[in-house]
Protein chains: 2
Amino acid sequence: MAVNTSGRTTAVDRAYSALLAEIQTGALPAGAVLAEVEQSARLGISRTPLREALVRLAAEGFVVQQSPRVTVVAGIDEKDIRSLFELRRGLEELAVRAAAERGDAAVFTALAESFSAAATANPGLADPAAHAGYYALISAYDAAVGDAIRNDYLASALRTVHTHLVRVRQLAKDNPERLVVSAGEHALIAGAIAEGDAALAAHATHVHLHNALISILSSIAGSSQTSTEGTP
Amino acid sequence: MAVNTSGRTTAVDRAYSALLAEIQTGALPAGAVLAEVEQSARLGISRTPLREALVRLAAEGFVVQQSPRVTVVAGIDEKDIRSLFELRRGLEELAVRAAAERGDAAVFTALAESFSAAATANPGLADPAAHAGYYALISAYDAAVGDAIRNDYLASALRTVHTHLVRVRQLAKDNPERLVVSAGEHALIAGAIAEGDAALAAHATHVHLHNALISILSSIAGSSQTSTEGTP
DNA sequence: GCCATGCCTTATGTATACACTCAAGCACCC
DNA sequence: GGGTGCTTGAGTGTATACATAAGGCATGGC
């Protein structure tokens with residue numbers, strides 16, 4: 001029984017990653033039935049590793065038992081998104097406070113500069129080709145916070161939230177204007193962390209998440225499943 | 001693949017529950033090696049359900065991979081306890097705020113009265129026989145908060161924290177004076193929720209958790225593994 | 001037409017056998 | 001004595017066969 005810590009990729013890991021990616025992208029939509037025989041054949045493995053992957057996905061909330069015989073992809077409606085953002089806000093405010101107290105100022109100074117550059121570049125985030133780079137920058141920010149907080153329990157809880165969040169982003173429509181504004185918001189947060197201002201970092205995070213939620217919900221209300229990129 | 005939702009108890013569930021209980025009580029201490037062949041024989045099941053139970057325990061942070069071949073019970077030292085309490089504080093303050101806004105005042109009024117009675121009874125919590133009833137009251141409070149918040153993601157995160165907390169309590173020494181004080185603290189929190197005072201509920205929770213952490217840490221520093229009951 | 005009961009099929013739960021890999025021990029060389 | 005390489009046994013990863021139970025369908029009765 002090995003959660004993968006070496007370079008070797010097991011069938012369990014491959015199945016888990018494949019199913020998670022399909023759930024996040026919407027290829028496996030909310031309510032989709034995951035039957036063992038069908039899924040193991042589709043993924044080219046036996047039922048045993050498939051079952052182990054499903055146990056892990058269930059523990060993380062991505063799949064649920066509809067009945068003793070039916071496992072389905074967990075739902076993600078507006079209420080779920082609001083609930084996820086409520087938890088996200090609690091955890092991220094806690095995390096940026098901790099990062100402001102314990103983090104390496106130089107790392108967050110550099111991140112703040114990168115976010116400022118992303119917010120002011122021309123054409124910058126108006127060009128869809130720049131979005132992948134921007135999401136990589138957000139991932140780098142999340143990783144830096146995760147390192148700075150020095151709290152494995154909190155880091156794990158954040159990872160779960162962020163993994164669910166990928167799915168939410170897929171539901172929302174691309175919105176370049178929002179991306180530009182969010183880059184500015186991120187620059188402010190990273191700057192506050194760099195200066196050790198925990199209160200400013202937490203409040204700026206609150207503002208950022210509120211704006212992100214509004215943007216996502218209006219995008220979803222405006223269209224019933226146009227999924228390209230999300231709006232963080 | 002079924003997380004148990006019917007009355008039937010599977011071998012996976014039995015193994016998961018048995019191992020979790022042993023980890024929580026310290027019967028399986030931090031660092032204990034969990035070898036599949038040995039554990040499946042000990043629990044009287046085959047390796048397949050044992051592996052599934054271990055996947056779930058790993059996802060929840062109770063066991064970790066020490067190497068590709070060695071699964072061990074996760075550690076829980078002072079740093080871990082501080083980290084757990086930091087996350088606990090973030091989540092529980094979020095939860096009591098939500099409960100104050102969304103909960104049924106009558107439920108929390110009754111809980112506040114029960115906590116007050118526990119704090120003032122004579123001999124009450126000075127008598128060890130009363131402790132099980134008190135912990136049942138705390139479980140009832142936790143369940144009421146979990147129902148009141150109407151946020152599955154947050155409820156799930158709280159459940160994980162509380163499951164880890166059982167283990168911490170086992171490490172700490174019984175402290176009847178602390179129990180009496182904590183009953184008063186709980187009465188104040190439940191009362192604030194009942195009155196819809198989210199800020200008071202959150203701050204009282206912060207005070208309560210700070211006192212609980214101090215009590216636990218001093219208990220652990222005073223003795224290196226006297227495990228009877230904890231001190232919430 | 002609706003409801004209850006029984007039977008059969010299929011999906012899940014589990015045991016077991018086989019394949020693969022890790023790590024410990026031993027032998028040899030410098 | 002220390003380092004390196006090889007071998008072997010044991011532990012994990014997976015496939016498959018068997019056991020069990022859930023659910024759907026058909027039939028009969030009211």
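Residue numbers start from 1 in every chain, and the chains themselves are labelled A, B, ... in the order their sequence lines are given, proteins ahead of strands.
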What is the separation between atom [atom1] on [X] and atom [atom2] on [N], rounded to the nearest whole Å?
X	N	atom1	atom2	answer
A:Glu52	C:dT14	CD	C1'	13 Å
A:Leu34	C:dT12	CG	C1'	14 Å
A:Leu43	D:dT14	CG	C1'	15 Å
B:Leu54	D:dT12	CG	P	9 Å
A:Glu36	C:dT14	CD	P	11 Å
B:Asp13	C:dT12	CG	C1'	13 Å
A:Tyr16	D:dT14	OH	P	16 Å

At under 4.0 Å, does any side-chain N or O of A:Ser67 touch on OP1 or OP2 of D:dA22?
no
Counting only side-chain N and O atoms of B:Arg51, is one of them less than 4.0 Å from OP1 or OP2 of D:dT12?
no
Heavy atoms of A:Ala95 and A:Leu154 approach each other most closely as CA-CD2, 4.1 Å
Here the pair of heavy atoms bringing B:Gln24 nearest to B:Gln170 is O-CG, 3.0 Å
Nearest-0.5 Å distance that lies between atom CD1 in B:Ile138 and atom CG in B:Leu111:
11.0 Å
Just verifying a value: how many Å separate B:Thr205 OG1 and B:Leu94 CG, rounded to the nearest 0.5 Å?
11.0 Å
Would B:Arg82 and B:Phe85 count as a cation-pi pair here, with the cationic atom under 6.0 angstrom from the ring centre and within 45° of the axis?
no
Below 3.5 Å between N/O atoms, which protein atoms pair up with nucleotides 16-20 of chain C? Just atom names and distances, please.
| unit_1 | atom_1 | unit_2 | atom_2 | d |
| --- | --- | --- | --- | --- |
| C:dT16 | O4 | B:Thr48 | OG1 | 3.2 |

So do the side chains of B:Ile81 and B:Ile220 get within less than 4.5 Å of each other, counting heavy atoms only?
yes
Ranking D:dT14, C:dT14, C:dT12 by distance to the side chain of A:Val12, first place goes to D:dT14
Using the side-chain heavy atoms of B:Ile45, tell me which of these nucleotides is nearest: C:dA15, C:dT12, C:dA23.
C:dA15
Given salt bridge (charged side-chain N to carboxylate O under 4.0 Å, His left out), test B:Arg102 with A:Glu86 step by step and report yes or no.
CA-CA 14 Å; B:Arg102 302 169 201 159; A:Glu86 185 177 43; 2.5 Å; yes
